[in-house]
Every structure is written in structure tokens, then in C-alpha cells.
2 protein chains.
Amino acid sequence: MKSTGVTIADVAREAGVSPMTVSRSLREPARVSAKSRERIAEVIERLGYVPDPAARALAAGRTNVIGVIIPSVTNNVFSDVMRGIYGVIENSPWQVQLGNSRYVAETEEALTRTFLSQRPAGLIVSGVDQTRKTRELLINAPCRVVQIMELGEAPIDMMVGFSHREAARVATQHLFDKGYRRPAFLAARVDPRTKRRMAGFEDVVRTAGAFDPSRILATSAPSSAALGRTLMAELLDNAPETDSVLCNNDDLALGALFECLHRGIDVPNAIGICGFNDLEMMAVAYPTITSVKTYREEMGRIAATMILETLKGIEPEEPVVDLGFDVMSRQSTAKLL
Amino acid sequence: MKSTGVTIADVAREAGVSPMTVSRSLREPARVSAKSRERIAEVIERLGYVPDPAARALAAGRTNVIGVIIPSVTNNVFSDVMRGIYGVIENSPWQVQLGNSRYVAETEEALTRTFLSQRPAGLIVSGVDQTRKTRELLINAPCRVVQIMELGEAPIDMMVGFSHREAARVATQHLFDKGYRRPAFLAARVDPRTKRRMAGFEDVVRTAGAFDPSRILATSAPSSAALGRTLMAELLDNAPETDSVLCNNDDLALGALFECLHRGIDVPNAIGICGFNDLEMMAVAYPTITSVKTYREEMGRIAATMILETLKGIEPEEPVVDLGFDVMSRQSTAKLL
DNA sequence: CTGTTAGCGCCTTCAA
DNA sequence: TTGAAGGCGCTAACAG
């Protein structure tokens, strides 16, 4: 039944103190005399004692688990965020527990319940589009909560993200600034963030009097480079006047690039391509692709740090962090007007 | 202290049975009368009871945690494997706990100890190059263990993978079959699997009498498309006779492609490119890139399934599964000899 | 600074 | 098929 066999009682006996002192020396070393502490440390080392997290959780009334709810484990964007989270938590006594909502609100709600019933040390959730009930659960959660990915009106607790609508606006404006006049928008699975980006695209395109529904392609299929090629082909066939395209993400952009190469289209002069996220490869793509750089790993890092800090009793200077974005223009030569 | 506040005792009282019966109806429903079972189910639903995993772990002497140790959370390959694992475990009562060894053997050993001290339900570890001590720990582990990624001589317990050396051999031979005569090898961070692939490349190249160290480039830097471009540039500058290149992964291959495009080199006629893993984008790259398809997600799926099955008392038909690989040739036209 | 007391919520064992 | 007793390993809360 016992794993290492070594319990806190064994350590206590060997060190000539009570189990409580051992427990303390582990969690609040400052409140234990240096002598005891050293002796205990030596015994722990010698016996190879490792505290049982289950027993600890049961006794303390909370676990060392930080729950993370994301809508997809397939999407690169979330892998990047997770990397940031793991990076911070890896060398702490806490553990990450991942939940995948699969873009389904009910699943998200169920995951939230499950996590909460485990008395997590903290919770990181994606987006701001929780159901009313999920929101209520999170507001009353007995732990701190960070919403990531987006910025929104009423943060549940803490928040790290950026404005997708604004990012799309700036990217679209950038296309106009470079001299393009008839931009298109390509998107795959339309989640809330995609909708906001699409809205940002429309904002600018309408203002410029360049709105044309035939230049907006969105499907419910999951994103992929293959889909990017398909959508680009469709676009070029049906809206040949298109002179640039804002892709909802870099996979689509890469696919769009390949389709242009395949057709012998001059990128970026005949068609300008702008992706979203600025994955590593975008910087070296040739012909060049512009992309909107987002700070995904940092988002995870900051969210996890916020949880760890509050766990130590340190409040963040600012509960809402806007990470912003950057249009990485790789339009070496300005487009001729 | 209590989260939902609802404990097994509450359910028992409300259902007019003992806590023990509730506990049983949850774990061994067959051993509880249909009447009790229904009544209990109703109460659980009504009260929103969720068993406390910590209490359960403490009492049962083992957790519902399946530990997974991988060397990198950055590497796409492992994200794909994790996706397979999560897919299987997501809808089971078990949970995934991820450990990142960062390619450091000591870290792997420490992680193994930590996991084992938590009495995991199962363990999935990467590769076959554990330290002697880690191996010993795993062999004596009180749970089932699956090694993934590779195949090897002496499986600790179960194993799912493929031969990297053989895969590289076949890929290299494929280049010769297509008419290329002076293939190069590009690699980033050289982990054990990369070494084996390199060996496979050398096997074939030496046999063909085409071995030339100046056409083998490997660095310790982490892999990226940018690095692929850099290495390809270096290769083309220093070994201009190169007519094809086997890249240790698809990021490098993509970078290599971009470098060729940048230099106006005719791919695949002047230079043939072969990647490794066959990421989704490779299928639609233009100019075309061949790649060695590996079954990463399936690897995770099978490994997780093996654990879950053995947990149910079902032994796998075969404890070692060779997933193989496939060279996805995208050499539309045969190379002229 | 240290120890005592009393569980945390559930499951194992054993008996009915 | 069900229940009673006891304890898993640890930590709050409260002394001392």
C-alpha cells in the first residue's frame, strides 16, 4: 500500500521530533529551529522521504493542482500557452492539470465543476465567453482564477490577453498602408476569437469602402495548411480581383502561400499575405509573409505567475494585463499604388 | 474546507444506505442491488456529489494519475503524442500528469521518483535511454509502464514505437532510388533518436559509397525553420555538389525549402528535400517535399490504451508494438539520372 | 519553538 | 448484498 514506505512519522521518529515539526519544517521552515530543521533535512534525505500529495490534500483541504481549461489540444496556439504555463510551474511544488473543453460550453462547465470539486490551488481558463453558470462557479471559486487569451469587460478575477479585434484592425490597416486595396479574409473553425478578428477586419474594410462578402471565406473545418490552400484557391477563382489576404492564423497563411507559389503568383507584389500569431517559421518564409505576432507563451507564463504569486499572498500590480500584439511586416518593398 | 460540501456520507444518508454501499455502487456497481444503485445515482445527481480524488487516493493506496515523462514540451512531436494520450484518457476516470525531463537524465530520474512516490496508476516514458537507476525504478514500479517513441532491446514492460534508424535508412534509400547521388543530412539538437537516424543515413550512404562528412550538418541548437534555412545555406555554400537533403524533422525541411526558394534553386529537380514526421503542412508544400510519416498521435493513443486496458486487467496481445513509418514521396517526377 | 488532538473523505477488511 | 470498524498520511487548531 505504501509506496516508498517512508512516512512523515518515520522521519519524525528518526529525527527525534514530532511529525508536526517535520511537517512544519517542510512548509514553514522559518518557524522551526535551525537545529531541528537540519536534523530533519538530513533524515529526509537519508530515508528518501517524499510527502504524499493525496494525504496532504486531504488534510489541508486543498490540492497542489492548478487547473487549466483550454478549448483544444490540437491548436498550436494553446500548446504555446501551455508551454509558458509549464515553464513556470515546473519547478514549483504545484502541478498542472489540463482540461480540454473541445470548444463546447457544456464541457467547459463540467470541467469547471470537476476542477472545483478538487479544491484546486488556482484555475486558468480560456476566453471570456463562459456560460452564465460557469462564470458564476468561477466567481465563487475558492481559488484565484485567471482568464487568458482575450481581454474583456468584466474580468472574473485576473486576466491576461489582448484584443483580437484590434489586432485584426491594425493588420488590415497595415495592408491598406502597404497599398493593397482589395483584401480578403480567410478563416477556419470560427471560434469567438476568430469572430472578433473578422469583425476587426470588417471594421477597416468597410471604412475603406472595400467591403465585399465574396472576399470573406470562413468554414467550420479545423484549421490546417491544406485548408489554407483550398480556401486560397477558392478565393482566387471566385474573387480574382483580390490583392491581399488576412489569414486567421499562420497555418492558413502558409497554405495560401503554397497555393500562390503553385499558381506562379508573385507574392507579395501581386498578392500580399498576412497571417496571425507569427509562428516561428513565418520569419523565414520565402516569399515573405507578414504576420501578427502574439505573445502566447508569455501569456501562459504571466497567467501561471499570477496564480503562484497570489498563492504566496502577493497581489499582481494590475489584475488585467494587455499583452498587445505586433504586426511583423515582411513587406520588404512598399506596394506600388 | 469542504468544496461542494457534499460527501459520500451525505449521499448515503439521503439514499438510506451506508457510505460503503455508495462507494461500491461507484466502483463496482455490479455488486450493489439495482434498487440501491438507482436510488444512489439519483441522489448523487441531485446533490451534485463528486468523489474527492485525494481521499480516494489516500484510502485506496493509489492515485488515478497516469504519469507521462517527455523530454520536451516545445517539440511538436511530443505535442502530437500528448494529444493521442489526452484523447484516450480524457473520458476516463484517470488523469494525465506531465513531467518534462528537458533531455536531462537526472531530471528524468527525479521525475520518475516523484511520480512513483505518488503511486501512479500507470507510467508512460519516452525512449529507451534511461539511466540504469531509472530503469531499475521503473522495473520495480508498482504500476505498468509503457516506453514510447522507440523500439529497443529490453522493454521495461510495454513499448510502442518504431525504428528511427530503419526509417532513416529507408528514406535515404528512397533518395537514391529517385536518382539523387549526393545526399546530405541536416539535424538540430542531437538527441538519441536523432543519433539513430543519423546512423541510418550513414548506413545507406556508406553502402552507396557516397559518404562525405561535409554533407552532414548537426548542431546543438533547438530545431526551427530558421535553423533549417541557416543549415541549408551553410550546406549549399560549403558542399555545392549536394543534390538532396534528409532533414531530421519537418521544421528544418521547411526552412531548407525556403532557402532554396530564396536562392532560386529548382526543388525537387536540382535539390530534393526529405523531412521527417510528415507534419500536416508537408502534404501541401509547394514545391513539394517528401517526408517520413510517423504515427505520433497513434503512439500516444496506443500507449494510453495499453495502460487503461491493463488497469482493467486486460493484457495487450503484444507488449511491443511497432508502429512503423511511411515515406511519403512527393517526388512527382522521377529524377533524371 | 514544539507537541497534542482530532479529523480530512474514502476505501480495505472483515463480518453479517 | 450490505454494513461496521479502522486507518491511509498528513495538517489545522490549539495548547504549552
Side-chain angles (χ1 to χ4, degrees), chain A residues 1-41 43-44 47-65 93 114 116-121 142, chain B residues 1-40 43-44 47-65 93 114 116-119 121 142:
Chain A
M1 211 84 339
K2 292 185 266 175
S3 58
T4 65
V6 184
T7 71
I8 203 169
D10 299 327
V11 176
R13 199 176 318 110
E14 196 82 358
V17 295
S18 79
M20 204 47 235
T21 304
V22 177
S23 176
R24 270 204 204 91
S25 90
L26 250 27
R27 293 170 299 110
E28 310 169 279
R31 296 182 50 182
V32 173
S33 73
K35 263 164 293 188
S36 302
R37 229 186 302 144
E38 279 167 36
R39 199 136 28 86
I40 290 169
V43 175
I44 285 178
L47 265 45
Y49 167 70
V50 181
D52 181 334
R56 191 169 255 189
L58 187 56
R62 63 190 136 65
T63 63
N64 66 338
V65 166
T114 304
L116 287 178
S117 78
Q118 294 178 36
R119 314 188 201 84
Chain B
M1 213 85 337
K2 292 185 268 178
S3 59
T4 66
V6 185
T7 73
I8 203 170
D10 299 326
V11 176
R13 198 176 321 110
E14 195 83 0
V17 294
S18 79
M20 208 41 244
T21 304
V22 176
S23 175
R24 271 205 202 88
S25 89
L26 250 26
R27 292 171 300 111
E28 311 169 278
R31 296 181 51 183
V32 173
S33 72
K35 262 165 294 185
S36 301
R37 227 185 306 142
E38 280 167 34
R39 199 137 27 89
I40 289 168
V43 175
I44 285 179
L47 265 46
Y49 167 70
V50 180
D52 181 332
R56 188 171 259 187
L58 186 56
R62 65 189 132 64
T63 63
N64 66 338
V65 167
T114 304
L116 287 177
S117 77
Q118 294 178 36
R119 314 187 199 83

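Sequence lines set the chain letters: A, B, ... in the order given, protein chains first and strands last, and positions in each chain run from 1.
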Please list, chain by chain and in numerical order, all residues satisfying salt bridge (Lys or Arg N to Asp or Glu O under 4.0 Å) with B:Arg27, sequence neighbours excluded. none
What is the minimum heavy-atom distance between A:Val43 and A:Ala15, and which atoms define it? CG2-CB, 3.9 Å
Quickly work out the A:Glu28 CD to C:dC1 P distance and round it to whole Å. 12 Å
Taking any heavy-atom pair under 4.0 Å as a contact, classify A:Arg31: base, sugar-phosphate, or nothing. base
Atom pair CZ/OG1 of A:Arg31 and A:Thr21 - distance to nearest 0.5 Å: 11.0 Å
Taking CZ from B:Arg37 and C1' from D:dT2, how many angstroms apart are they, rounded to a whole number? 14 Å
What is the distance from CD of B:Gln118 to C1' of D:dC8, rounded to the nearest Å? 16 Å
Closest to the 5' end of DNA chain D, once A:Ala54 and B:Ala30 are matched to their nearest nucleotides, is B:Ala30
At less than 4.0 Å, is any side-chain N or O atom of B:Ser18 found next to OP1 or OP2 of D:dG3? Yes or no. yes
Whole-Å distance separating the CG atom of B:Asp10 from the C1' atom of C:dC10: 13 Å
Does A:Ser36 put a side-chain nitrogen or oxygen below 4.0 Å from OP1 or OP2 of C:dT2? yes
Going from CG on A:Asn64 to CZ on A:Arg56, what distance comes out if it is rounded to the nearest 0.5 angstrom? 8.0 Å
In whole Å, I'd like the distance from the CZ atom of B:Arg119 to the C1' atom of D:dC8. 8 Å
Counting side-chain heavy atoms from C-beta on, which of D:dC10, C:dC10, D:dA12 comes nearest to B:Asp52? C:dC10
Check the distance between D:dG3's P and B:Arg13's CZ and give it to me in whole angstrom. 14 Å
Give me the atom names and distance for the closest heavy-atom approach of B:Ala121 to B:Thr63. CB-O, 3.6 Å
Just the rounded figure in Å: distance from C1' of C:dG3 to CD1 of A:Ile40. 12 Å
Picking from C:dT12, D:dC8, D:dT11, which would you name as closest to the side chain of A:Ala59? D:dT11
Interatomic distance, A:Arg13 atom CZ to A:Ser18 atom OG [nearest 0.5 angstrom]: 12.5 Å
On DNA chain D, more 5' by nearest nucleotide between B:Ser33 and B:Ala55 is B:Ser33
Closest non-hydrogen contact found for B:Ala12 with B:Val22 is CA-CG2, 3.7 Å
Which whole-number value in Å describes the distance from A:Leu58 CG to C:dA6 P? 18 Å
Using a 4.0 Å cut-off on heavy atoms, which residues in residues 19-27 of chain A reach DNA chain D? List them by number, or say none. A:Met20, A:Ser23, A:Arg24, A:Arg27
